[in-house]
Number of protein chains: 2
Amino acid sequence: MTSPLDLTGLDLLVRVAETGSVGAAARQLGMAQPNASRLLAKLERQLDLTLLVRTTAGSRLTTEGEVVVAWARDALAGVERVLLGARSLAAQRKAHLTVASSLTVAEHLAPRWLARFRREHPDLHVSLDVGNSHHVLERVVSGRVPLGFVESPTVPRTVASTTVARDRLLVVVGPTHAWARRRTPVTAAELVGSDLVLREAGSGTRETLVRALDLAGHALGEQRLELASTAAVKAAAAEGGAAGVVSELAVAAELATGQLVAVPVADLDLSRSLRAVWSPERRPEGPAAALVRLARADAQASPSSSV
Amino acid sequence: MTSPLDLTGLDLLVRVAETGSVGAAARQLGMAQPNASRLLAKLERQLDLTLLVRTTAGSRLTTEGEVVVAWARDALAGVERVLLGARSLAAQRKAHLTVASSLTVAEHLAPRWLARFRREHPDLHVSLDVGNSHHVLERVVSGRVPLGFVESPTVPRTVASTTVARDRLLVVVGPTHAWARRRTPVTAAELVGSDLVLREAGSGTRETLVRALDLAGHALGEQRLELASTAAVKAAAAEGGAAGVVSELAVAAELATGQLVAVPVADLDLSRSLRAVWSPERRPEGPAAALVRLARADAQASPSSSV
DNA sequence: GCCCGGTCATACGTTGACGGCATGACCTCG
DNA sequence: CGAGGTCATGCCGTCAACGTATGACCGGGC
């Protein structure tokens, strides 16, 4: 709880593991060697562990140090994704390739694509233009952007598309909710009659749900609790007595740790496809085509699980 | 590169997303509201993005803010795993349940188990005792520890065991290595005749390789490059011209981003099982049994992919 | 044998950043 | 129209982190 939340020490530790030297690791990070030494000592003090064996000819990891390094690499990769993604959001100006993307894709798939893409084309700056499905399609047909990704169940005939992955909406509740231990599926009628927390109207997730309910002959009431962000929906569902409806991609981690429980649902088809879309006159080529390939390959490499 | 690596701002942002208020988020982190306001402004400046729409009745996320929050949640979960894991390594004293674990299990599986376990039993302190396979077995048979996890191909008859997951060693090379584009499997003979980077003798990974080679009628030479940590092996393989041999669990992330490439291997069975082991007189019960259940469930939920 | 290049730790002085408090502007609700 | 909530700004003190300088130690080479 009262943790520093500063990863510099862990970054340093990982580099010590790779180079075998505190000084070399310090140079990689552009800091002076004494600071690195101090920082590592502080890290050991805070974690109450001895991570390194300092010899006068370098430093080696202890067993515990190795374990911590493995964990730290994951954590650092996570913040690397944040920073890389943020740069892709910001660098509209100097971007060589701009791709429009719906929220679900940007939130949960784009980080891996960006990391991989950057590695294969280190000289190319990719920029993300995030908006709802309508926004993405508009950008593509207007030619402002050569490629887009949407999670709509259908796309208009004005654009060409290919499915790169599949997605599914889940009904999730906190572990204390009555539905958490339920084994018989919840019906669509029960769903519309219960307390639900949802994204606001206009979100792709919400539209998919409304459409599925419509096909089943049901309609959402008006008294739903609407929240501004997916994070808020998840937090509300985890805490309170209401059920949330979110993409399976958004809750993989929470399901794994048990913070949220998925409720089986009958009568409703909540799956949808994630599509790459482009203007028919401008078929993706070069980097854009590579990105589509990469996205499809990534999706089938990890069908549903994620971070 | 020149990034702050301080996640407090991101943590704050996530909490703003959940609560809808900068002040409330600040209180959750025990900081004063003005500091939170400043920190968020700084974060926006550093990322060159506008993440929040501050109204006088609270703060809502922009679209870009939502995306960043989703990424940040992953990153924060990663450092949470590090901190939780470190506590489990350190708190030998106040632990209610101590489990011995080999390196591979501790590095790549334990974080998820610990997070999940902590959620189901918040009052129980679990401690990790990490060592090589021999160390784990010794602790179990001597009764110092009620439960252990090892990745040995076989276990002695003095302990009872059950397989909770499977694992496989991979031969990996950097993308520039000649084997990177190879489609025909590498033979065991080629393997022993090539430049290899390995963990030092005594590691479970190394022993598994030696055993597999032995069964195929080959033996490792002596001139191998030995490195102290798995991280060092991965770094050396990614950079240089040598091939590395590591657990698939250790390189899932690098394979996904293309930093490393797996080379197909013929003639060798490099798979092994990860087993929970315990003293026959002391069958796991209560929390220990729950941990075994949890481990097995987790493994079959995500067969091979991971963070 | 001796010295040079490498390792890591300690000491010291400065500065810059962060935190807390006080204040002000603004909106909403009663 | 006031009360309670939101967020931003300004001021100031303190502490922590940084860079430089130095010392102890080991190994390898000429």
* Asked: Can you check whether A/S37 has a side-chain N or O nearer than 4.0 Å to OP1 or OP2 of C/dA9?
  -> yes
* Hey, is the side chain of A/R54 poking within less than 4.0 Å of OP1 or OP2 on C/dA9, counting only N and O atoms? -> yes
* To do: For B/S88, enumerate each residue passing the side chain to side chain donor-acceptor pair (under 3.5 Å) test, keeping only those at least two apart in sequence or located in another chain.
  =>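 Result, side chain to side chain donor-acceptor pair (under 3.5 Å) vs B/S88: none returned.
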* Asked: Among all residues two or more places apart in sequence or in another chain, which pass the side chain to side chain donor-acceptor pair (under 3.5 Å) test with A/T230?
  -> A/R199
* To do: Go along nucleotides 19-30 of chain C 5' to 3' and tag each nucleotide: B for a protein heavy atom under 4.0 Å from its base, S when only backbone or sugar atoms are that close, - otherwise.
  => BBBB---BS---
* Asked: Taking NZ, NE, NH1 and NH2 as the nitrogens, is one of them in A/E254 or B/R119 under 4.0 Å from a carboxylate oxygen of the other?
  ->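 Between B/R119 and A/E254 there is no salt bridge, as every charged N stays at least 4.0 Å from the carboxylate O atoms.
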* Asked: Charged N to carboxylate O under 4.0 angstrom, A/R73 versus A/E18?
  -> yes
List the atom pairs, donor and acceptor, that lie under 3.5 Å between side-chain atoms in residues 31-40 of chain A and the rest of the protein, sequence neighbours left out.
{"unit_1": "A/N35", "atom_1": "OD1", "unit_2": "A/R38", "atom_2": "NH2", "d": "2.9"}

* Are any of the side-chain heavy atoms of B/L220 and B/L198 separated by less than 4.5 Å? ->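 Yes, close enough: below the 4.5 Å cut-off.
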* Asked: Do A/V233 and A/T205 have side chains that get closer than 4.5 Å, going by heavy atoms?
  -> no
* Structure fact -> B/A106 meets the side chain to side chain contact (heavy atoms under 4.5 Å, CB included) criterion, sequence neighbours left out, with A/V67, B/S101, B/V130
* **Terminal contacting nucleotides, 5' and 3', DNA chain D versus chain B (heavy atom, 4.0 Å)** => D/dG5 to D/dC11
* Rounded to whole angstrom units, what separation is found between the CG atom of B/D6 and the C1' atom of C/dA17? -> 12 Å
